[in-house]
2 protein chains.
Amino acid sequence: MYYDNNFKDCIDCINNENSVFFGLSNDEKKILSQNYTCSKYKKNEVIYKEGDKPMGLICLSKGKVKIFKEGIGGREQIVRMAKPVGFIGYRALFANENYISSAISIEESEVCVLDKASLLKVIKNNGDFALKLINLLAKELGFSNKRTVTLTQKHIRGRLAESLLFLIDTYGYEEDNKTIKVYLSRGDLANLSNMTTSNAIRTLSSFASEKVIALNGKKIIIKDLKMLQRINRLG
Amino acid sequence: MYYDNNFKDCIDCINNENSVFFGLSNDEKKILSQNYTCSKYKKNEVIYKEGDKPMGLICLSKGKVKIFKEGIGGREQIVRMAKPVGFIGYRALFANENYISSAISIEESEVCVLDKASLLKVIKNNGDFALKLINLLAKELGFSNKRTVTLTQKHIRGRLAESLLFLIDTYGYEEDNKTIKVYLSRGDLANLSNMTTSNAIRTLSSFASEKVIALNGKKIIIKDLKMLQRINRLG
DNA sequence: TGCTATTTGTGTTTTAAAACACCAAAAGTA
DNA sequence: TACTTTTGGTGTTTTAAAACACAAATAGCA
């Protein structure tokens, strides 16, 4: 990781129309944009880890990041996948706690960190913005509650199907409109779906032999979305 | 369930020092207290159910409530337990979604419902209050993420131990300082811990024969808290 | 009060998924 | 380039927990 305050993608975090900051006044944007630092991460670099103290609001302007918790025997559970423009580490920041999860880039990524004090100032003075954050957290909590139930109750095939659908939903497709636009290792796919690596590999092969997907290295091509949704629903 | 706007416990939701509303100005409290309805529920009555549209912020002024999601084959997972003074159903309200979980009283309870519009008005005009809610949601999200990992990774004994510690943490002890102050059925204890009823019964008996707890009907008496915490950590 | 329904409790069987063991392929790296 | 490490892949064994089955006790109810 190295610091670099000069690449302009960081501005995106504040001005991008998909950002929660979209709609802030110029004064407010100025407060935020005067207090940030930027950095780049290569693939598989740690952005923060469990136990660290949040230094600000981290915005992902480029790349992809996995957020996971370590459980029994170091086994990791991916709780979220971040894409640009999006925020990471805001839960701990707003809870005034240290991180309870870790964030690692799964491809080359760029982030900027917005100073906490400036952010709090803007929140306090802008009720609509505060409501947006409340809305964001509430949705995230709903997602987490749903995951708890599916990860504990669905069978392996259902869990993997759900993960694939989640990845499509988060990152979309390549230009061919059928290849999922993210390359996870079998191990990460397993960590996302609460299963062992061998079971992820095995179940992926099953899906492939059933012509639900096709595999090409780390690329996953969706051949039968309806069927995948069906497997997701029925378990 | 029946309506009754005259019992004074409802005022508690706004004035109680443990409430997020504590610290609001009199004007703000007035706005909120002018727009609420109260109701009483007997044991095992539905307060809201999955799919319902939230009508306002529900405050529990008396009693105990379980919040759960239905999963595969109707199997329920308890995601939260509410105590007075506390709020229920706020996630869906703030996410502008229908409920994704259901709430059922596990003993006689009293709730009041604060009008959504009035609440939003107060949030928009009081940044500190908004931050309190952001903090509340962020903590709840942390709890949910932790649960996801422990429910999927811990073994039965560890999961049950964690649930018992969670119940102690939430409801505390009776006057004897060792009986958990909530009476859940074995089925509910199972739904809280992601296991079948028979396994909850079996594991409780194991704990009892190991002198970690003692059982007296639905009463659970903690005999060896250190050991219970140990089982929770290692199990 | 007796009758039904639910909850509690225990033994047995089945099964889904982990654990283990091993090899092949690919990707780093010296 | 060869060498090491990581990732992908597959068969076999083991095991934790569900599923099933059936009493006993308790609670709800007419």
Side-chain angles (χ1 to χ4, degrees), chain A residues 42-45 66 71-77 104 106-108 149-163 182-209 213-220 231 234-235, chain B residues 42-45 66 71-77 104 106-108 149-163 182-209 213-220 231 234-235:
Chain A
K42 286 178 297 199
K43 190 177 169 179
N44 289 323
E45 280 194 293
K66 63 171 173 180
I72 312 299
R75 184 174 152 198
E76 54 185 67
Q77 175 63 52
I104 290 185
I106 58 163
E107 55 179 58
E108 194 171 273
V149 175
T150 58
L151 287 179
T152 53
Q153 295 194 3
K154 276 186 187 170
H155 285 180
I156 275 203
R157 287 170 57 88
R159 297 206 301 272
L160 186 65
E162 181 174 292
S163 289
V182 61
Y183 305 131
L184 282 184
S185 70
R186 305 296 196 249
D188 275 341
L189 208 49
N191 293 339
L192 181 63
S193 318
N194 180 35
M195 62 184 66
T196 53
T197 304
S198 12
N199 275 330
I201 292 168
R202 239 185 280 267
T203 312
L204 275 182
S205 321
S206 301
F207 287 176
S209 70
I213 61 172
L215 296 168
N216 179 357
K218 284 205 201 317
K219 286 188 183 178
I220 298 172
I231 295 171
L234 304 179
Chain B
K42 286 179 298 200
K43 190 178 167 177
N44 288 324
E45 279 195 294
K66 65 171 172 179
I72 311 300
R75 183 174 154 199
E76 54 184 68
Q77 175 63 53
I104 290 186
I106 58 164
E107 57 179 58
E108 195 171 272
V149 175
T150 58
L151 288 178
T152 52
Q153 295 195 2
K154 276 186 187 172
H155 285 178
I156 276 204
R157 287 169 58 89
R159 297 205 302 271
L160 186 65
E162 181 174 291
S163 289
V182 61
Y183 304 133
L184 282 185
S185 71
R186 305 295 196 251
D188 275 341
L189 208 48
N191 293 338
L192 182 61
S193 317
N194 180 35
M195 62 184 66
T196 54
T197 304
S198 13
N199 275 330
I201 291 168
R202 237 185 281 267
T203 312
L204 274 182
S205 321
S206 302
F207 286 176
S209 70
I213 62 171
L215 296 168
N216 181 357
K218 284 204 204 315
K219 286 187 184 176
I220 297 172
I231 295 170
L234 305 179

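So you know, we letter chains A, B, ... as the sequences are listed, proteins then strands, and number each from 1.
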- Note on the structure: Atom CG of A/Asn216 and atom C1' of C/dA26 are separated, to the nearest Å, by 14 Å
- Query: Between A/Lys154 (NZ) and C/dA16 (C1'), how many Å, whole number?
  - Reply: 17 Å
- Query: Of all the choices, C/dT10, C/dT8, C/dA18, which nucleotide is nearest to the side chain of B/Arg186 once you look at every atom?
  - Reply: C/dT8
- Length of the line joining A/Lys219:NZ and C/dA26:P, which is rounded to integer Å: 15 Å
- Message: Taking 4.0 Å as the cut-off, does a side-chain nitrogen or oxygen of B/Ser185 come that near to OP1 or OP2 on C/dT7?
- Response: no
- Message: What is the separation between atom CG on A/Leu189 and atom P on D/dT7, rounded to the nearest whole Å?
- Response: 14 Å
- Query: Counting only heavy atoms not in B/Glu107, do more than 12 sit closer than 6.0 Å to its CD atom?
  - Reply: yes
- Message: Main chain of B/Thr150, side chain of B/Glu162: is a donor-acceptor contact present, judged purely on distance under 3.5 Å?
- Response: no
- Message: Reading DNA chain C from 5' onward, which residue's closest nucleotide shows up sooner: A/Thr196 or B/Leu204?
- Response: B/Leu204
- When the distance from CD1 of B/Ile72 to P of D/dA19 is rounded to whole Å, what number comes out? 11 Å
- Item | Distance, rounded to the nearest Å, where A/Phe207 contributes CZ and D/dG9 contributes P | 15 Å
- Message: Need one value for A/Arg157: base, sugar-phosphate or nothing, where a base atom within 4.0 Å counts as base even if backbone is also close, heavy atoms only.
- Response: nothing
- Test item: B/Arg159 side-chain N/O and B/Asn194 main-chain N/O as donor-acceptor pair under 3.5 Å: yes
- Message: What is the distance, to the nearest angstrom, from the CG atom on B/Asn44 to the C1' atom on D/dG28?
- Response: 12 Å
- Message: What's B/Lys218 touching, base or sugar-phosphate or nothing? Going by heavy atoms closer than 4.0 Å.
- Response: sugar-phosphate
- Message: Students often get this wrong, so: under 4.0 angstrom with heavy atoms, is A/Asn194 touching a base, only sugar-phosphate, or nothing?
- Response: sugar-phosphate
- Message: Measuring from the side chain of A/His155 (C-beta onward, heavy atoms only), which nucleotide among C/dA17, D/dG8, D/dA17 has the closest atom?
- Response: C/dA17
- In terms of the nearest nucleotide of DNA chain D, which residue is placed more toward the 5' end: B/Asn199 or A/Thr197? A/Thr197
- Once you round to the nearest 0.5 Å, how far does OG1 of B/Thr203 lie from CE of B/Met195? 5.5 Å
- Note on the structure: From the candidates D/dA18, C/dT8, C/dA18, the one with an atom nearest any side-chain atom of B/Arg75 is D/dA18
- How long is the span from the CG atom in A/Leu160 to the CG atom in A/Leu204, to the nearest 0.5 Å? 5.0 Å
- Message: Mind checking if B/Ser205 touches a base, just sugar-phosphate, or nothing, with heavy atoms under 4.0 Å?
- Response: sugar-phosphate
- Could you check whether B/Ile201 gets within reach of a base, just the sugar-phosphate, or nothing at all, counting any heavy atom under 4.0 Å? base
- Query: Is the backbone of B/Leu192 close enough, under 3.5 Å, to the side chain of B/Gln77 for a donor and an acceptor to pair up by distance?
  - Reply: yes
- Which of the following nucleotides, D/dA18, D/dG8, C/dT10, is nearest to the side chain of B/Ser198? C/dT10
- Note on the structure: Picking from C/dT8, C/dA18, C/dG11, the nucleotide nearest the side-chain atoms of B/Arg202 would be C/dG11
- Item | Whole-Å gap separating C1' (D/dA16) and CE (B/Met195) | 12 Å
